[in-house]
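Below you'll find the structure, written out as structure tokens, and then a few comments.
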Amino acid sequence: MPSHSVSIVSKCTVCPDQKSTIISKTLKLSVSDLPMLSCHYIQKGVLLSRPSVPFDSLLSLLKLSLSSTLSHFPPLAGRLLTDDAGHVHILCNDLGVDFIHAKAKRLLIDDILTPIDVPSCFREFFAFDDTLSYAGHHTPLVAVQVTELGDGVFIGCTINHAVTDGTSFWNFFNTFAEVCKRGGFAKKISRSPDFSRDTFFNSPAVLRFPDGGPEATFSGDEPLRERIFHFSREAILKLKLKANMKLINPEILGKQCNDKINGKINGNITELSKKGATNRMAEISSFQSLSAQLWRSVTRARKLEGSKTTTFRMAVNCRHRLQPPLNHLYFGNAIQSIPTVALVGEILSRDLPWCADLLHQNVIKHDDATVRLGVKDWESSPRLFPLGNSDGASITMGSSPRFPMYDNDFGWGRPVAVRSGKANKFDGKISAFPGRDGGGSVDLEVVLSPTTMAGLEKDTEFMQYAS
């Protein structure tokens, strides 16, 4: 691959094109926002083909669109503020966000998508590397970097993680693309965020910090490999069938595993599996099935002692879990982490259905009462989110294949690929993206130590489903 030297051409501040309707007001960080202050800013972006317009014209359009979009998301143009009582707020002061133009014209789309491992150049397509969200007190809450490639463009968005979770991040990104496609102006948008703070997540609890703010909860200096594993719709359905085999009539299971149309599994499998289940709540989802297979295979590749405990940590959206539910466009973090724990020996000696059901049971139990219990527990002892893999036996699953990442059409077509920067990555950090071909396909961004990654690549139970 050619040298991936990325050079910064220009940097400026983009402010909302209209004064904020909540100017000088604040949005208090919630019990779901505050733990993220020790996490890096979120770094996600889209790789696009090169548009036909001159690049200078494209940059002007993107700046105009970003300015218009910020008027609908005024908190993102603000800064963090800690009051005398210790509560942290977003001050909606319209100070603006960073906009960066970069060049890497020796890089071509095929050059950066073909390698087995994700090339390190993607790290240079984002701003605010190694910046903790607490820095939002004096650093813009958002930075957009537009990197000009030889035959494409990468639009990388970096947003403070104490201000948005994945749901809010992609709503902003989708709106940015929507406004750009409309020509850079939008008095109304299709998915207006809900900035209300009168929710159960609003709390009088105070999270105290040392002078200068918190430190990252993981080192970030360890050698790592990063790969994108693609799972087709067909592969996902096979995994789901296998995970649910105890719930499905064996005759139906055997027939459907051999029933193919044009080389693909019959699309009726999911419906048949539902009919074969004694209880719809008992059915293990496609994503839980895939997660269970990953947990088994990574644990095997790590060659851990059977008596050691391993944890699979999964972030879940709590908006619909609360009763009454939050607005699905609630702006901010509304997530909790579900840890599932088992002995290494159990994970490896038992089958996929057992492992998948372990994850499934934890997810379905995470209802309104559990969410509220988690909030009360945090309020009794406010603390930062312990991101990392301190025991060498953990997996942390982030992002979601449900996020509309490929809906970001800025006016000249859907993204070619979705990638992230180096933020919040450590051995065992996994991010789930929707596959570009849709239909339930999934891409897993897998970050592991080199030794573990080599073991995973030799794991036939895992690789038979990946492409």
Side-chain angles (χ1 to χ4, degrees), residues 20-42 73-93 95 132-139 141 159-169 171 193-217 313 315-339 365-387:
S20 171
T21 56
I22 49 177
I23 189 74
S24 298
K25 293 184 179 180
T26 66
L27 297 182
K28 184 179 173 186
L29 296 192
S30 74
V31 298
S32 189
D33 299 320
L34 290 168
M36 300 301 170
L37 286 166
S38 62
C39 296
H40 295 144
Y41 277 51
I42 302 172
F73 291 81
L76 293 179
R79 299 292 185 271
L80 298 183
L81 170 72
T82 299
D83 64 24
D84 293 340
H87 295 116
V88 184
H89 307 256
I90 307 170
L91 176 62
C92 302
N93 54 15
L95 287 182
L132 300 187
S133 293
Y134 188 86
H137 284 82
H138 53 78
T139 302
L141 302 181
I159 300 186
N160 191 296
H161 206 337
V163 174
T164 66
D165 59 9
T167 299
S168 295
F169 177 100
N171 188 28
D194 176 5
F195 298 115
S196 63
R197 283 299 182 264
D198 55 343
T199 76
F200 182 71
F201 286 118
N202 187 24
S203 170
V206 174
L207 178 59
R208 301 293 181 183
F209 300 96
D211 292 341
E215 296 182 353
T217 57
R313 193 176 293 274
V316 295
N317 184 355
C318 295
R319 288 169 175 81
H320 63 285
R321 287 182 160 82
L322 282 170
Q323 295 300 325
L326 289 179
N327 186 323
H328 69 287
L329 294 175
Y330 168 82
F331 180 86
N333 287 277
I335 55 176
Q336 287 182 339
S337 178
I338 301 179
K365 288 175 183 175
H366 208 84
D367 56 8
D368 175 74
T370 306
V371 171
R372 292 174 185 273
L373 185 63
V375 169
K376 293 298 183 184
D377 177 69
W378 187 89
E379 287 179 321
S380 69
S381 179
R383 54 202 179 273
L384 295 166
F385 184 70
L387 201 61

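Only heavy atoms go into these numbers, but all of them, side chains included; no hydrogens, no water, no symmetry mates. We're numbering straight along the sequence, starting at 1.
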Handout entry: Nearest atoms (heavy-atom pairs only) where Pro382 meets Glu379
Key = CD-O, 3.6 Å

Completion exercise
Value for CG (Leu27) from CG (Leu91), rounded to nearest 0.5 Å, stands at 9.5 Å

Exercise for the section: Not counting sequence neighbours, list each pair that qualifies as a salt bridge (charged side-chain N to carboxylate O under 4.0 Å, His left out) and has a residue in residues 319-337. Expected result: Asp165-Arg319

Completion exercise
Heavy atoms of Ala216 and Leu132 approach each other most closely as N-CD1, 3.5 Å

Exercise for the section: Using distance alone, with no hydrogens and no angle criterion, decide if Asn171 and Ser168 have a side-chain donor and acceptor under 3.5 Å apart. Expected result: no

Handout entry: Residue pair Ala162 / Asn160: nearest heavy atoms and the distance that separates them
Key = N-OD1, 2.8 Å

Fill in the blank from the handout: Rounded to the nearest 0.5 Å, the CG atom of Asn202 sits from the OG atom of Ser32 at a distance of 12.5 Å

Handout entry: Main-chain N/O of Phe201 paired with Thr199 side-chain donor or acceptor, under 3.5 Å
Key = yes

Completion exercise
One should read off an interatomic distance between Ile335 CD1 and Cys318 SG, to the nearest 0.5 angstrom, of 8.0 Å

Problem - Residue pair Leu141, Ile90: steps toward the side-chain contact (heavy atoms from CB on, under 4.5 Å) verdict - result: CA-CA 9 Å; Leu141 302 181; Ile90 307 170; 4.0 Å; yes

Output side-chain donor-acceptor pairs under 3.5 Å for residues 78-85, partner residues at least two apart or in another chain, one line each.
from: Arg79; atom 1: NH1; to: Gly96; atom 2: O; distance (Å): 3.0
from: Arg79; atom 1: NH2; to: Gly96; atom 2: O; distance (Å): 3.4
from: Thr82; atom 1: OG1; to: His137; atom 2: NE2; distance (Å): 2.7
from: Asp83; atom 1: OD1; to: Ala85; atom 2: N; distance (Å): 3.0
from: Asp83; atom 1: OD1; to: Gly86; atom 2: N; distance (Å): 2.9
from: Asp83; atom 1: OD1; to: His87; atom 2: N; distance (Å): 2.9
from: Asp83; atom 1: OD2; to: His89; atom 2: NE2; distance (Å): 2.8

Handout entry: Minimum heavy-atom distance Pro214-Phe209, with the two atoms named
Key = CD-CD2, 3.7 Å

Exercise for the section: Without swapping roles, check the side chain of Gln336 against the backbone of Val371 for a donor-acceptor pair under 3.5 Å. Expected result: yes

Fill in the blank from the handout: So CG of Asp367 and CD of Gln323: to nearest 0.5 Å the spacing works out to 9.0 Å

Exercise for the section: Check the angle between the aromatic planes of Phe73 and Phe195 and answer parallel, tilted or perpendicular using the 30° and 60° thresholds. Expected result: perpendicular

Problem - For Asp377, salt bridge (Lys or Arg N to Asp or Glu O under 4.0 Å) partners two or more places apart - result: Arg383

Practice task
Quickly, which of Leu384, Leu207, Leu387 forms a side chain to side chain contact (heavy atoms under 4.5 Å, CB included) with Ser38? Name it, please.
Solution key: Leu384

Problem - Leu76 side chain near Phe331 side chain, heavy-atom distance below 4.5 Å - result: yes

Handout entry: ring-ring contact (aromatic ring centres under 6.0 Å, His included) partners of Tyr330, counting only residues at least two apart
Key = none

Fill in the blank from the handout: Residues pairing under salt bridge (charged side-chain N to carboxylate O under 4.0 Å, His left out) where one sits in residues 30-40, two or more places apart or in two chains, turn out to be none

Exercise for the section: Might you work through the side-chain contact (heavy atoms from CB on, under 4.5 Å) test for Thr164 and Ile42, ending with a clear yes or no? Expected result: CA-CA 9 Å; Thr164 66; Ile42 302 172; 3.9 Å; yes

Problem - Test salt bridge (Lys or Arg N to Asp or Glu O under 4.0 Å) applied to Arg372 - qualifying residues, sequence neighbours left out - result: Asp368

Problem - Pairwise distance CG(Leu326) to CZ(Phe200) - rounded to 0.5 angstrom - result: 10.5 Å

Exercise for the section: Taking all non-hydrogen atoms of both residues into account, name the closest pair between Tyr134 and Gly213 and its distance. Expected result: CE2-CA, 3.4 Å

Practice task
Answer yes or no: is there a donor N or O on one side and an acceptor on the other, between the side chain of Ser133 and the main chain of His161, under 3.5 Å?
Solution key: yes

Practice task
Answer whether the closest heavy-atom distance between the side chains of Arg208 and Val206 falls below 4.5 Å.
Solution key: yes

Exercise for the section: Nearest 0.5 Å please: distance from the NZ atom of Lys365 over to the OG1 atom of Thr370. Expected result: 9.0 Å

Exercise for the section: Determine yes or no for a side-chain-to-main-chain donor-acceptor pair under 3.5 angstrom, with Ser203 supplying the side chain and Ala205 the backbone. Expected result: yes

Exercise for the section: Of all the heavy-atom pairs spanning Arg313 and Ser337, show the shortest one and how long it is. Expected result: CG-OG, 2.6 Å

